[in-house]
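Following: one structure in structure tokens, then a few remarks.
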Amino acid sequence: MSALAVVAAAGARTPLGLTAAQTGFLLRAGMAAMAAAPLCDAEGGAVTMCFDTTLAPLCVGEERACALALAALGEALAAVPEAGRPRSALLLLCLDGAGGGGAGGGGRRRGGAAPGAAVAAAVHASAEQRLGAVELEVVARGAAGAAWALGPALARLAARQIDAVLLGGVHTDYDPLAIRALEAQGRLFSPKNPDAVVPGEAAAFALLARPERARLRDGGSTACLVAVGTGEERAGPDNDHSSFEARGLTAAVRGAAAAIEPAQGRIGWAITDLAFEQARHHEWSAVLTRTHALWCEPHALDAPAQRLGRLGAAALPLGLVLAAEGWRRGWAPAPRALAIAGSDTGERGALLLEAQEG
């Protein structure tokens with residue numbers, strides 16, 4: 001099957017690793033980043049979360065999101081040689097939308113600025129410094145936002161209106177306001193409340209290029225983006241709709257997998273944003289039942305959020321980066337993967353990925 005784009009460069013900063021390679025290897029080794037954070041709940045107890053311990057303890061919110069994003073972006077763009085720089089690029093920056101919590105989410109405003117404005121400005125300036133003129137599009141739709149924005153962006157890439165798409169996402173719950181919001185919703189993880197969200201943070205960026213322009217990395221394999229699927233779910237953390245309905249995620253998975261020809265084999269690797277909230281697991285189990293013919297036996301299921309905390313808008317960009325790293329470094333469990341994520345507001349997204357020889 002033909003590729004929509006190939007990952008030419010990638011970078012990540014997470015609670016487990018300062019780079020994409022560190023994060024990938026440590027996740028594969030089964031490491032987890034949960035610890036008591038220097039943030040308190042309403043009763044004054046320490047909050048269990050996953051956070052980057054290399055950042056200053058008093059660095060919170062959008063300031064922290066900027067630090068995470070710029071580190072991941074720097075790693076990704078450092079891998080692009082001078083001769084391989086795109087002449088025109090679209091930066092798709094995924095942030096958390098209303099209800100998504102984290103930096104730039106929840107409708108929060110500071111100093112009169114729009115949510116996420118400081119993050120967007122800093123990332124855009126850094127990208128232009130390294131690549132030249134870069135068009136910016138902010139996608140504030142939470143964990144599935146990348147899938148919803150990629151369709152039009154990839155169409156422009158195929159039409160040669162742009163030379164590359166710089167897809168990135170950043171999320172952080174390391175903020176007293178984010179913790180307060182989770183607690184008010186009854187979703188903050190604790191030993192007494194395991195069916196909840198473990199706060200987390202992450203940033204990931206991937207430079208997507210047309211297949212014929214994608215040989216920018218130093219050999220090995222990387223990720224080929226084959227198809228994108230989207231859907232909308234009625235069930236959410238603020239209503240009583242059954243998560244077993246799972247129409248949105250089913251539509252997203254089937255939409256992405258429609259590109260697979262029967263003779264080309266099935267999917268052997270799922271990279272999800274599943275954490276510990278039971279409703280999302282109910283949804284996923286319903287989807288697996290309906291789409292069992294798409295999956296090979298056995299297939300691997302990875303849930304980075306269970307060891308990195310909530311990933312928010314970084315979920316799909318990180319899934320893409322992890323797939324590229326897995327194939328490049330040789331630890332990927334299968335040659336075809338599906339990266340899946342869902343926003344609190346009901347959006348669902350899936351990216352069909354394949355190994356691509358460099």
Side-chain angles (χ1 to χ4, degrees), residues 1 3-33 50 72 75-76 78-79 143 146-147 150 167-169 200 202-209 211 214-228 253 256-257 259-260 264-274 294-308 311 314-341 349-358:
M1 67 188 72
L4 298 175
V6 172
V7 177
R13 176 64 67 95
T14 71
L16 270 185
L18 303 180
T19 66
Q22 289 178 12
T23 298
F25 278 129
L26 289 172
L27 281 173
R28 204 67 197 155
M31 300 294 290
C50 303
E75 180 194 357
L150 270 172
L167 175 67
F205 284 83
L207 185 67
L208 304 176
R215 295 184 181 277
L216 306 182
R217 301 190 69 165
D218 54 348
S221 299
T222 187
C224 168
L225 176 56
V226 176
V228 180
V253 170
I260 301 175
Q264 293 176 325
R266 293 183 284 181
I267 304 168
W269 186 15
I271 307 172
T272 76
D273 68 333
L274 295 177
L294 299 174
W295 304 89
C296 67
E297 295 293 342
H299 62 265
L301 173 64
D302 275 333
Q306 294 183 355
R307 287 176 278 163
L308 298 176
L311 298 172
L316 283 178
L318 182 62
L320 181 56
V321 169
L322 289 175
E325 280 296 313
W327 287 318
R328 184 186 183 200
R329 311 286 181 179
W331 55 258
R336 181 177 290 132
L338 200 65
I340 300 163
L351 308 181
L352 180 63
L353 310 168
E354 289 188 348
Q356 172 82 17
E357 290 301 322

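Computation of the quantities below employed the complete heavy-atom set of this structure, encompassing side-chain atoms and omitting hydrogens, waters and symmetry-equivalent molecules.
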Of all heavy-atom pairs linking Leu316 and Ala146, the shortest is CB-CB, 3.9 Å

Could you tell me whether the side chain of Leu322 reaches within less than 4.5 Å of the side chain of Thr23, counting heavy atoms only?
-> yes

CD-CE distance between Gln22 and Met31, expressed to the nearest 0.5 angstrom | 12.0 Å

Does Glu75 reach the main-chain N or O of Ala12 with its side chain, forming a donor-acceptor pair under 3.5 Å?
-> yes

About how many Å separate CG of Leu301 and CD1 of Ile271, when rounded to the nearest 0.5 Å?
-> 10.0 Å

Side-chain heavy atoms of Leu351 within contact of Leu225, under 4.5 Å = yes

Taking only residues two or more places apart in sequence, or in another chain, which ones meet Ala76 in a side chain to side chain contact (heavy atoms under 4.5 Å, CB included)?
-> Phe205

State, with a plain yes or no, whether a side-chain heavy atom of Leu27 is found less than 4.5 Å away from one of Leu308.
-> yes

With Ala334, which residues qualify under side chain to side chain contact (heavy atoms under 4.5 Å, CB included), at least two apart?
-> Trp269

Heavy atoms, side chains only, cut-off 4.5 Å: are Leu311 and Pro304 in contact?
-> yes

Any residue meeting salt bridge (charged side-chain N to carboxylate O under 4.0 Å, His left out) with Arg28, in chain and number order, not counting sequence neighbours = Asp302

Taking side chain to side chain donor-acceptor pair (under 3.5 Å) as the test, write out the residues that go with Thr272, two or more places apart.
-> none

side-chain contact (heavy atoms from CB on, under 4.5 Å) partner of Val6, the single match among Leu208, Leu207, Thr222 | Thr222

Ala147 and Ala350 have their tightest heavy-atom pair at CB-N, 4.1 Å

So which pairs with a foot in residues 7-21 pass salt bridge (Lys or Arg N to Asp or Glu O under 4.0 Å), sequence neighbours left out?
-> Arg13-Asp52

Gln306 and Leu274 have their tightest heavy-atom pair at CG-O, 3.4 Å

For Ala32, check side chain to side chain contact (heavy atoms under 4.5 Å, CB included) against everything at least two apart and list the hits.
-> Arg307

Given side chains that start at C-beta, do those of Leu338 and Leu353 come closer than 4.5 Å, heavy atoms only?
-> no

If you look at every heavy atom in Ala202 and Ala314, which pair is closest and at what distance?
-> O-CB, 3.6 Å

Heavy-atom pair of closest approach, residues Ala72 and Ala203 = CB-O, 3.7 Å

Do you know which two heavy atoms are closest between Val7 and Ala206, and how far apart they sit?
-> CG1-CB, 4.3 Å

Quick one: are Arg336 and Ile260 in side-chain contact, heavy atoms under 4.5 Å?
-> yes

